[in-house]
Amino acid sequence: MNSTTSLLDRAGLEKAKVSKIIRRGLDGADDGELYLEYRQSEMLLFDNGRLKQATYDTSQGFGLRAVKGEAVGYAHATDVSEAALARAADTVRAVKGGYTGTVADAPARTNRRLYTDDNPLAAPGFDAKVKLLQEIDAYARAKDDRVRQVSASVAASWQIVEIMRPDGEIYRDIRPLVRVNVSVVVGEGDRQESGSHGYGGREGYQRFVDAGAWREAVDDAVRQGLLNLDSVPAPAGEMDVVLGPGWPGVMLHEAVGHGLEGDFNRKGTSAFAGLMGQQVAAKGVTVVDDGTIGDRRGSLSIDDEGTPTNRTMLIEDGILVGYMQDRQNARLMGMRPTGNGRRESYGHVPMPRMTNTYMLAGDREPGEIIASVKNGIYAVNFGGGQVDITSGKYVFQCTEAYRIENGKVGAPVKGAMLIGNGPTDLHRISMIGNDLELDGGIGTCGKNGQGVPVGVGQPTLRMDRITVGGTG
C-alpha cells in the first residue's frame, strides 16, 4: 500500500458520506471519532540453529466511538464499508440515552514528524533477514564454548491511522516500528543461566541490522549469561539499593507511572489521587512523560485521538504537578488533554497511557552513589514485576544485580527481588545521578488487556531502606 493513499480512498468510501454517518452516530454526544487503521507486521524467530517461526500479517478495520459523560459507546469491524459504518453509528447512538450535548473542541493540528513514513517491512528482504539471524546465531556460539542455546528475532510493523472527527476533519499518522532481540543460555556442568539484549525504535531496519549493533547486543547477552554463572544467592532484608540507568526505569514506569494516568486519578483508585500540588517524592525528583522524542519506541506524532503528544511534567522537584490525559478524562477532570490517549488497535477504546516516561538527571556521579553504600544491592537489569495501582505496592525481579559492600561493587547475585511501595519509596530516593539514559527500545506496556509500545529511562539512583527478597 502506498503511504500517500488515504484509508477512506483505499476502502472506496466518500468522505462526505462517511462524515454524515459519523455526525448521525455522534449527534448529541460530548465527543467521539472514527478511527481507521491499516497495519502490516512481521516476525522472524531463529532458535536452536534453525528458523523456527516466520509470520506476516496484514490487518485493517475501524472503530467508532461516542462519549457521553463517563459512558462510552464503541463499535468496531474489519469490514470498512458504508454499511458497516452505518451499523456502527446505530450501535454507538445508544450511549446517549436522549442526552443532548456539545461536541468537544477538536485537537490542535501539528506539522511535526517524529519518524519516517518508510515501511520497514520493505527492506531488507526475507532472505537477508534469515541470513542476519544465522550470523547472530553463529557469532554468539563462537563467543564462548559455554553458550548452549541462542534465540534471535527481528520484528517490525507499519501502521497507518486516520482519525476522523464529526466535522469531517482528518488527522493522520504513519508509524514504523522495529525490534531486534537476542537471548542466550549458557551452561557449565549442570548449571545453566541466561542473558538477553533487545533494541529497537520507530525507524526502518537499517540502523538495527548493522553488524556493530547486533554484535553489541550479542556481546551483552553472552556477558549477562556468563556473569550469572558466577552469581551467588542474593541476600534478603532491608538495605540500600542503587538502580542503574536506562532500563531500570521500568520500575518507575510501573510503580509510579500508571498511578499518574488520568483515569485512575479521576476514579480515585490511584495511590496519587487527590495529591496534586503536594510533595509526593524526595526533592530533586523530576519525572516527565515525553512522546515527542524522535524515533523513540514510545513516541507518537499524534495520539490515537488526534491530539499532538507533549512533554508532560508529572513530578517536579518532588511535587505532583500533572497527570497523563486522554480527551475523556481530561474533560471530566477540567484539565487539558496531554496527547496520551492510546489504543492497541481499532478494536480497542483509547485510554490514558504512557509514551516515554523517565526521571530527569541529577548532579551526582554514579561512582559517588555506589561508593556511598556500605551494604546493599546494585540492580542493573530487571525482568518481570507486579504492581497494585491502588496501593502502589510492587515486586520486581532483578535479572542482573550485584552486592555492594563498603562502597564497592562485589559479586553478582541471583534471585534478588525488590519489594516496596512506589509512592512511599519515591521519598527514599537520596541521590540522583547525572547519567540519564533511555532504554534500548524494547518496552511494551499492558493495561486493561491492551498492549502498546513505550519507553522508559532514568539516571543512576540511590534508594534507602528497600526490602530485598533473596535466596541467601
Side-chain angles (χ1 to χ4, degrees), residues 146 186 188 191 193-197 219-252 255-256 281-286 318 358-383 385 394-422 424-437 439 456-472:
R146 289 170 289 180
V186 300
E188 199 163 37
R191 182 169 181 176
E193 300 290 349
S194 61
S196 64
H197 187 102
D219 291 346
D220 190 55
V222 173
R223 179 196 62 81
Q224 286 182 41
L226 295 177
L227 183 83
N228 287 329
L229 276 181
D230 294 328
S231 62
V232 299
E238 188 177 86
M239 62 191 72
D240 299 332
V241 172
V242 176
L243 302 181
W247 178 245
V250 68
M251 194 167 94
L252 175 76
V256 177
K283 287 189 68 63
V285 173
T286 297
Y358 55 94
M359 185 184 298
L360 299 191
D363 59 1
R364 310 302 283 267
E365 292 291 337
E368 175 191 5
I369 295 175
I370 292 171
S372 73
V373 176
K374 183 176 181 180
N375 176 45
I377 291 289
Y378 179 36
V380 178
N381 269 308
F382 285 101
Y394 65 81
V395 178
F396 274 93
Q397 176 189 6
C398 302
T399 56
E400 182 183 350
Y402 306 82
R403 285 297 308 267
I404 302 178
E405 296 178 291
N406 297 317
K408 297 185 182 300
V409 176
V413 296
K414 179 178 174 62
M417 304 285 289
L418 302 189
I419 304 166
N421 178 283
T424 299
D425 293 347
L426 279 175
H427 292 279
R428 297 185 176 185
I429 297 173
S430 59
M431 300 176 79
I432 304 173
N434 58 10
D435 58 340
L436 168 65
E437 289 182 17
D439 75 288
V456 302
Q458 66 174 45
T460 298
L461 301 176
R462 172 174 165 161
M463 303 176 71
D464 298 339
R465 305 182 314 281
I466 302 298
T467 299
V468 177
T471 54

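By convention here, the first residue in the shown sequence is residue 1. Worth knowing before you read on, the calculation uses all heavy atoms, side chains too, and leaves out hydrogens, waters and symmetry mates.
The stretch residues 224-244 participates, sequence neighbours left out, in these salt bridge (charged side-chain N to carboxylate O under 4.0 Å, His left out) pairs: Asp240-Arg462.
A donor-acceptor pair is defined here as one N or O able to donate and one able to accept, closer than 3.5 Å; no such pair exists between the side chain of Asn434 and the backbone of Gly362.
In plain terms, the two heavy atoms of His197 and Ala221 that are nearest each other are N-CB, 4.1 Å. The minimum heavy-atom distance linking Leu436 with Gly457 is given by the pair CD1-C, 4.3 Å. Heavy-atom minimum distance, Pro366 versus Asp435: CG-OD2, 3.2 Å. Smallest separation of non-hydrogen atoms from Met417 and Val395: CE-CG1, 3.3 Å. Here the shortest heavy-atom pairing between Pro248 and Ala379 reads CG-O, 4.2 Å. Shortest non-hydrogen contact noted between Gln224 and Gly195 is CB-CA, 3.8 Å.
Looking at Arg191 and Ser231, their side chains come closer than 4.5 Å, going by heavy atoms from C-beta outward. With a 4.5 Å cut-off on side-chain heavy atoms, Lys414 and Glu193 count as touching. Under the 4.5 Å side-chain criterion, counting only non-hydrogen atoms from C-beta, Val186 is not in contact with Ser194. Looking only at side-chain heavy atoms (C-beta outward), Leu418 and Val241 come within less than 4.5 Å of each other. Here the side chains of Gln458 and Tyr358 are not in contact, with every heavy-atom distance at 4.5 Å or above. Contact check for Ile466 versus Asp425: side-chain heavy atoms found under the 4.5 Å cut-off. Taking 4.5 Å as the limit, some side-chain heavy atom of Ser372 sits within range of a side-chain heavy atom of Met431.
Ile432 contributes atom CD1, which lies 11.0 Å from atom OG1 of Thr460 (distance to the nearest 0.5 angstrom). Note that the CG atom of Leu461 and the CG atom of Leu252 stand 8.0 Å from one another [nearest 0.5 Å]. To the nearest 0.5 angstrom, Tyr394 atom OH is 9.0 Å from Thr424 atom OG1. The line from OG1 of Thr399 to CZ of Phe382 is 8.5 Å long, rounded to the nearest 0.5 Å. Interatomic distance, Cys398 SG to Ile377 CD1, rounded to the nearest 0.5 Å: 7.5 Å. Between the CG atom in Leu426 and the CE atom in Met359 there is a gap of 6.5 Å [rounded to 0.5 Å].
For Lys374, the side-chain hydrogen bond (donor to acceptor under 3.5 Å, both in side chains) test picks out no residue, with sequence neighbours left out.
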Please list, one pair per line, the donor and acceptor atoms closer than 3.5 Å that link side chains of residues 401-410 to other protein atoms, with sequence neighbours excluded.
residue : atom : partner : partner atom : Å
Tyr402  : OH   : Glu400  : OE2          : 2.6
Arg403  : NH2  : Asn375  : OD1          : 2.5

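No side-chain donor-acceptor contact under 3.5 Å links Arg465 and Ser430.
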